[in-house]
Amino acid sequence: MSTSTTDTARKPMIEVEGLRKSFGSNEVLQGIDAQVAEGEVVCVIGPSGSGKSTFLRCLNKLEDISGGTVVVDGFDLTDPKVDINEVRRHIGMVFQHFNLFPHMTVVENVMLAPVESKKASKSEARQKAIELLTRVGLAEKADARPAALSGGQKQRVAIARALAMNPQIMLFDEATSALDPEMVGEVLQVIRDLAQTGMTLVLVTHEMGFAREVGDRVIFMADGVVCEQGTPEELFGNPQQERTKEFLSKVL
Amino acid sequence: MAVAALLFGASGAAADTSSSSSSSSAVEGKTFVIGTDTTFAPFEFRDSSGELTGIDMDILRAIAKDQGFKVEIRSLGFNAALQALTSDQVDGVIAGMSITDERKQVYDFSEPYFESGVQMAVAKNNDDIKGYEDLKGKTVTAKTGAEGETFAKSIAKKYDFTVKSLDQSASMYELVKSGNAVAVFDDYPVLAYGIAQNNGLKTVTDKVPGGSYGFAVNKGKNADLLAAFNDGLAKIKANGDYDKIVDGYLADPTAAQPTTFWELLGNSLPALLKGLKNTLLVTGISFVVAMVIGLAAGFMKIARNIVVRGISTTFVNIFRGTPLLLWAFMFYFGIPQLTGLPINIWVAAVLTLSLNSGAYVAEIVRGGIQSVDPGQMEASRSLGLGYGKSMQKVVVPQAFKIMTPSLINQLIIMLKDSSLLLAIGFAELLYQGQQIYAANFRVTETLLIVGVIYFVAVMLLTKLANFADRRFNK
Ligand SMILES: Nc1ncnc2c1ncn2[C@@H]1O[C@H](COP(=O)(O)OP(=O)(O)OP(=O)(O)O)[C@@H](O)[C@H]1O
Ligand SMILES: [Mg+2]
């Protein structure tokens, strides 16, 4: 299995080996091997229930790992001595349903992690938060409540919140699936900008066009294993596996 | 000075009773806690100014004065007073209590201080019941554990009637007036006094000579107090004070002045407001304690550790599965008997209310936390906040918003439930109401006033809580 195209020399940010995850007797991940290099943008696609979200959530240990190893930015997540809260500050995560904190204003959402981890004073955190909100085009909404925002705006705030700790890696789980079509573009634009800054991104997505456009590499998952992976050109242009062809014929 | 004169004169007159100066000096200057009934007019009741008065009270105070000791009266209710005596919460009980062989096994009694007897009364407008024969197939009422009950039960078979026992004279008279019982068997002085107070009854049979009333201490305890009581009793009988007291209540019962509703309201309001204050205070304190207990137990209920969860579930099940009143008795009477340590009534009251309510608050807390979208916890954890911080900053604030209406509801339930504490003699609002109608027999009107006070208190509390809710849970 060839790893990647041009970037084999870059430092690996995520190394997954033989990752297994079961919910009770249901083994959802059945031995996943994958690497993501620093600055690489990897898109994960696959049919519903194939384990994409579960895989992503194992990368910051939102799910307990049943077997195998996951090393992120040098931290072995299966090592019980590792301070998982510290590791998570290196990894931003964006959810399908935004999960903004409704009892806080937009800027408070973004400030929470820096303030609570004592990485910044309140005023520093606020300044940084306003910068991030400016970056996603929402500085004027800083003091609004999340309930007052549109879906696209909410997701952009969620991205700003995930960026507040200056993570090395960002994980996106279907960040645009819950949005009205006219709002998908604004969120994709923010992600596109992030990709251009050279940040390491792992995107679970149903947007095949977007995956082809921004992805350095695409991983196709099926039934809890990595079925096929390659550059967007390879995977979308010339899929090797029957499962891949079948899946792509349905979604493209 | 007057005490000395009285003492002197009395001991002179009382020939050679065992009034050695040592027996009186053993109690001299001491304060004894004496339990009594709440409602046994004319032996104990509250006058219009709220002071405890009556034959028992006057006799006890005269004896105390004569013997140089002080008394602190706890008006608990008859059964409660006896339970308090058994658990050493009080030093003695004087409550129009007949000396019986059964009671003699658990208590030590003084010389009899009053010769009583039982009489039957019916509603004033009832002309059907003229004697025991007319009771066939009917229900009568009598006071639990009192002479009247014993007598009624002794003839119940012969005359074929049923006895329904109640705790308080006023309740028994209401039962008769409401027609739920046709007659009441009560001690004749009590009936005579009630009738003089226009309680709506009349006597139809002759007095049956009955038992003698005695003052009681716990078996083997407070022998000095008992000796002083006997000594003092002999003296006030000898010097005529005793007859003055008894005649004052029985020969010429204070003529009942019919008062208007507004006079009744004015007379009873100070005592009722004192009760309201205690109701609010015990509810407030208990609610704070219940919140602490409930938060702890609620969080324990969602813990990963099965033992921690089990402890919390057991606590919740026990206190949700058992009546509040049971715990009031348990804390105030039961546990002191087990441990031998008396318990302050406020402590018992707060324990009762807060543990009961804490179980419900625990469920509210658990439900509130579990109703917060799990995505909130995940988002917070993914930002690198620990479990505790995530709870504190993200989940609990949202849970509280969800929980607030249920917590307000719980507070109001607690305020109303606090009325059950009257059973252990806690002087809350309804208890004060009982005290008032026990003396004046204006049951309906007094209950109406009490009801309005509760209603207004609950309304104000609800408004206040909703205001706070809007203020803090924007
Ligand atoms: N917390 C859980 N408990 C039990 N089973 C779960 C849990 N989370 C996921 N699963 C199961 O694991 C399997 C994979 O779920 P996952 O959400 O990873 O799929 P997915 O590829 O992200 O699907 P989709 O495209 O619909 O989001 C599914 O069968 C799902 O039912
Ligand atoms: Mg998914």
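No hydrogens, no waters, no symmetry mates; every other heavy atom, side chains included, goes into these values. Naming convention: chains lettered A, B, ... in sequence-line order (proteins, then strands); numbering from 1 in each chain.
With chain B as partner, the option from A:Ala158, A:Pro102, A:Pro114 having the largest number of non-hydrogen pairs under 4.5 angstrom is A:Pro102. Heavy-atom pairs under 4.5 Å with chain B peak, among A:Val87, A:Leu112, A:Ile91, A:Asn60, at A:Leu112.
A salt bridge is defined here as a Lys NZ or Arg NE, NH1 or NH2 lying under 4.0 Å from an Asp or Glu carboxylate O, and A:Arg20 with A:Glu27 meets this definition. Classification of A:Glu131 and A:Lys128 as a salt-bridged pair fails, no side-chain N sitting under 4.0 Å from a carboxylate O.
For chain B, the nearby parts of A:Arg161 are the backbone and the side chain; heavy atoms of each come within less than 4.5 Å. The contact between A:Phe95 and chain B is made entirely by side chain atoms (from C-beta outward), counting heavy-atom distances below 4.5 Å. Contacts between B:Lys389 and chain A at a heavy-atom distance below 4.5 Å involve the side chain alone, from C-beta outward. Neither the backbone nor the side chain of A:Leu171 comes within less than 4.5 Å of any heavy atom of chain B.
When B:Ile318, B:Asn317, B:Val316 are each tested for a side-chain contact (heavy atoms from CB on, under 4.5 Å) with B:Thr314, only one passes: B:Ile318.
Within 6.0 Å of atom CG in B:Leu460, more than 12 heavy atoms from other residues, nucleotides or ligands are found, so the atom counts as buried in its surroundings. Heavy-atom neighbours of A:Phe23 CZ from other residues, nucleotides or ligands within 6.0 Å: above the threshold of 12.
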